[in-house]
Amino acid sequence: MAIERTFSMIKPDATKRNLTGAITKMLEDAGLRVVASKRVHMSQREAEAFYAVHKERPFFGELTEFMASGPTVVQVLEGENAIAKNREVMGATNPVDADEGTIRKAFAQSIGENSVHGSDAPETAKEEIAFWFAEKDIVG
Ligand code: DAT
Ligand code: MG
């Protein structure tokens, strides 16, 4: 299996509760390595651009307002099968459906305030990494 990179974000509900370290530890314990990280308080416009794929969804306004409501931590994760591995440790979108041992089971408050984002495919991982990081800021 090849070494892959994926994009991860610790959302405002989690930074507010000081869970950055606890969530990062769960990612690291799953075999993922943080190769870039920064804390960002995104604007509404940045949230709308980042989540443009969801712009027709009924929850788009709620989602983008939430993402701009407080600090987030944006990260690049590296490891074997990193995209799928990160999705596995994140758990299901709705915490009610998330498996034991996942980040969303442990910390998510609702389907909207669900603590973490993770890329869902190689193409989105590439786009989402490039949205927040220059190649020189990623140190593998
Ligand atoms: P995921 O974050 O698991 O990839 P997604 O891409 O379908 O899920 O949706 C992006 C985010 O939008 C999700 O993390 C939280 C929010 N969201 C999704 N479905 C929602 C809903 N029914 N009501 C409110 N927010 C929702
Ligand atoms: Mg998604």
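Heavy atoms only: backbone and side chains are in, while hydrogens, waters and symmetry mates are out. Counting starts at 1 for both ligands and their atoms, following the listed order.
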Which bit of [X] gets closer than 4.0 Å to ligand 1, counting heavy atoms only: side chain, backbone, both or neither?
| X | answer |
| --- | --- |
| Asn114 | side chain |
| Met67 | neither |
| Arg87 | side chain |

In the protein, which heavy atom is nearest to [atom], and how far is it?
| atom | value |
| --- | --- |
| atom 11 (C) of ligand 1 | Leu63 CD1, 3.9 Å |
| atom 12 (O) of ligand 1 | Phe59 CE1, 3.3 Å |
| atom 7 (O) of ligand 1 | Arg57 NH2, 3.9 Å |
| atom 8 (O) of ligand 1 | Thr93 OG1, 3.3 Å |

Any N or O of His117 that comes nearer than 3.5 Å to an N or O of ligand 1?
no
Counting only nitrogen or oxygen atoms and a 3.5 angstrom limit, does Tyr51 reach ligand 1?
no
Would a 4.5 Å heavy-atom cut-off, applied to side chains only, mark Glu80 and Ile3 as touching?
yes
Does Ile10 reach the side chain of Arg39, with side-chain heavy atoms less than 4.5 Å apart?
no
Among Ile129, Asp120, Ile83, whose side-chain contact (heavy atoms from CB on, under 4.5 Å) with Thr6 holds?
Ile83
Which residues satisfy the salt bridge (charged side-chain N to carboxylate O under 4.0 Å, His left out) test with Lys16, sequence neighbours excluded?
none
Arg104 near ligand 1 by a heavy-atom separation under 4.0 Å:
yes
Is Ile111 in contact with ligand 1, taking contact as a heavy-atom separation below 4.0 Å?
yes
Heavy atoms only: which of Met90, Glu113, Glu62, His54 is nearest to atom 5 (P) of ligand 1?
His54
Are any side-chain N or O atoms of Glu4 and backbone N or O atoms of Ala82, one a donor and one an acceptor, separated by less than 3.5 Å?
yes
Verify whether the ring centers belonging to Phe7 and Phe50 lie closer than 6.0 Å.
yes
Answer yes or no on whether Lys11 is positioned over the face of Phe107, meaning its NZ or CZ is under 6.0 Å from the six-membered ring centre and within 45° of the axis.
no
Can you list the steps and then say if Val116 with Met9 is a side chain to side chain contact (heavy atoms under 4.5 Å, CB included)?
CA-CA 5 Å; Val116 281; Met9 186 154 52; over 6 Å; no
